Amino acid sequence: MSTPKVITVPITDQQHLLFLFIPLKKGFLTQAMGEVQKVKEAAALLTAPTGDLRKTTGVHYFTIYAQADGTPTPGIPVPGFQSYPGKDVLVVMSIYDGQFDDYIRAFFKIDDIVNGLNGLLHLMDEEGIPGVDPDGPTSAKFISGKDRGGVVKNAAAFYCLLMRYNFGDPVFSAGDKKGKYVFGTNFPGLTVAKIIDNYPNADKVWPPVPGEVSYNFPKAQKPDCE
């Protein structure tokens, strides 16, 4: 039996999981989703000063879900997402390319995104969580404090703040083995940048300028389980 070929996937080409459970002040879900919408809309302006934001962030897809304190996750009969008691929770999941800090830093190139992230900091509630210093140098309160400069001037602290609530492991790559969860991929090393650069007619299917193309999504059918 021949020895299989070994292909080394560079860190910049690896796919990683972001899975955040961000504690929010109770009753501020609407405001939090408003800040999320600002970030989403700003990120749709795909041409940042450093080029196509889709390439620099490397986001394959993302999901954002807000859930009020004490309410069950809808649609399933077992416990799903849970907030820390007395707080609401913002759940964010994404698959991204490359290193965690490079991924987050890429969003700092657009002011409206930065403003949305700073707005979210003011809605976070880290009080009373075991092992968390709500006034510490990596806390939302500290980073968002007056004259502190927010996420950009406190980038390292902001990375640590996110990592505190990130179930995802920024070291464990999709397709690798022996992580704390199974994380598979059929295409190791296939980055967003490679897709944009190599997919036939990518500039027409997914143009870098918003509004040139709109998309229609016919609804898939779910199983009839009545």
Side-chain angles (χ1 to χ4, degrees), residues 15-46 53-54 57-97 100 103-104 106-107 110 112-129 132 134 139-140 143-144 151 158-170 172 174 179-185 192 210 215-223 225:
Q15 299 154 7
H16 297 102
L17 172 68
L18 177 83
F19 206 163
L20 299 176
F21 294 82
I22 299 175
L24 299 174
K25 296 175 182 176
K26 187 171 182 176
F28 283 82
L29 285 182
T30 300
Q31 292 90 327
M33 290 304 292
E35 298 299 335
V36 167
Q37 187 63 26
K38 290 180 186 177
V39 171
K40 181 176 179 292
E41 290 175 357
L45 302 175
L46 302 178
L53 192 66
R54 298 172 300 182
T57 62
V59 175
H60 288 256
Y61 76 88
F62 63 91
T63 301
I64 302 173
Y65 172 69
Q67 184 167 293
D69 176 45
T71 61
T73 302
I76 54 176
V78 295
F81 301 130
Q82 297 183 24
S83 62
Y84 191 83
K87 310 178 193 304
D88 295 337
V89 64
L90 185 68
V91 182
V92 182
M93 184 170 67
S94 172
I95 303 297
Y96 64 93
D97 297 323
F100 180 83
Y103 155 58
I104 300 299
F107 289 103
I110 296 182
D112 286 344
I113 293 180
V114 171
N115 293 337
L117 294 174
N118 285 329
L120 277 174
L121 292 182
H122 290 285
L123 299 175
M124 288 183 63
D125 180 3
E126 299 188 276
E127 297 285 344
I129 300 175
V132 175
S139 67
I143 296 169
S144 63
V151 298
F158 183 58
Y159 305 151
C160 292
L161 170 67
L162 294 178
M163 281 304 307
R164 182 155 55 246
Y165 302 108
N166 186 17
F167 173 75
D169 182 348
F172 183 48
K180 65 180 180 180
Y181 44 82
V182 175
F183 188 26
T185 176
V192 172
Y215 302 94
N216 179 45
F217 299 97
K219 298 301 182 184
Q221 292 185 343
K222 61 181 180 180
C225 302

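Excluded from the calculations below are hydrogen atoms, water molecules and symmetry mates; all remaining heavy atoms, backbone and side chain alike, are included. Model, not experiment: these values are computed from the prediction.
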Tell me, with the steps shown, if Leu162 and Leu20 meet side-chain contact (heavy atoms from CB on, under 4.5 Å).
-> CA-CA 7 Å; Leu162 294 178; Leu20 299 176; 4.0 Å; yes

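- To the nearest 0.5 Å, the span separating CD on Gln82 from OG1 on Thr71 amounts to 10.5 Å.
- Within the 3.5 Å criterion, the main-chain N or O of Phe167 finds a donor-acceptor partner in the side chain of Lys180.
- Counting heavy atoms from C-beta on, the side chains of Leu90 and Val36 come closer than 4.5 Å.
- Aromatic ring orientation, Tyr65 versus Phe81: tilted (interplanar angle from 30° to 60°).
- In terms of the side chain to side chain contact (heavy atoms under 4.5 Å, CB included) criterion, residue partners of Tyr215 (sequence neighbours excluded) are, by chain and number, Trp206, Pro207, Val213, Phe217.
- Of all heavy-atom pairs spanning Ala68 and Leu29, the tightest one is N-CD1, 3.4 Å.
- In plain terms, the two heavy atoms of Ala106 and Thr57 that are nearest each other are CB-CG2, 3.7 Å.
- Taking Asp97 as the reference, His60 meet the side chain to side chain donor-acceptor pair (under 3.5 Å) condition, with sequence neighbours excluded.
- Taking the six-membered ring where the residue is Trp, Phe100 and Tyr159 present perpendicular rings, their angle passing 60° and hence far from 30°.
- The minimum heavy-atom distance between Lys87 and Pro23, with the atom names listed, is CD-CB, 3.9 Å.
- Between Tyr103 and Tyr96, a ring centre-to-centre spacing shorter than 6.0 Å is recorded.
- The shortest distance between side-chain heavy atoms of Val89 and Ile22 does not fall below 4.5 Å.
- Put simply, the side chain of Leu18 reaches to within 4.5 Å of the side chain of Val92, judged on heavy atoms.
- Counting only heavy atoms from C-beta outward, the side chains of Phe19 and Ser94 never approach each other to under 4.5 Å.
- Looking only at atom types and distance, the side chain of Thr185 has a donor-acceptor partner in the side chain of Gln15 under 3.5 Å away.
- Put simply, the side chain of Phe183 does not reach to within 4.5 Å of the side chain of Asp169, judged on heavy atoms.
- No side-chain donor from either of Glu127 and Tyr84 sits under 3.5 Å from a side-chain acceptor of the other.
- Taking the six-membered ring for Trp and thresholds of 30 and 60 degrees, Phe172 and Tyr181 have ring planes more than 60 degrees apart, a perpendicular arrangement.
- In this structure, the side chains of Leu161 and Met124 come closer than 4.5 Å at one or more pairs of heavy atoms.
- Judged purely by atom type and a 3.5 angstrom limit, Asp88 uses its side chain to pair as donor or acceptor with the backbone of Gly27.
- Listed here is the closest heavy atom pair of Ser139 and Glu126: CA-OE1, 3.3 Å.
- Within the 4.5 Å cutoff, the side chain of Met33 has heavy atoms near those of the Ile64 side chain.
- Of the possible polar contacts, none joining the Gln31 side chain to the Leu123 backbone as a donor-acceptor pair under 3.5 Å is found.
- Rounding to the nearest 0.5 Å places CD of Gln37 at 5.5 Å from NZ of Lys40.
- Every residue was checked against the side chain to side chain contact (heavy atoms under 4.5 Å, CB included) condition with Pro72, not counting sequence neighbours, and none meets it.
- Counting only heavy atoms from C-beta outward, the side chains of Ile95 and Leu17 approach each other to under 4.5 Å.
- Rounded to the nearest 0.5 angstrom, Tyr165 OH and Cys160 SG are separated by 12.0 Å.
- The minimum heavy-atom distance linking Pro134 with Val132 is given by the pair CD-O, 3.2 Å.
- When all heavy atoms are compared, the tightest approach of His122 to Asn118 is CD2-O, 3.1 Å.
- Using a 3.5 Å distance cut-off with no hydrogens or angles, the side chains of Gln67 and Thr73 do pair a donor with an acceptor.
- Checked by atom type, the side-chain pair Ser83/Asp69 shows a donor-acceptor distance below 3.5 Å.
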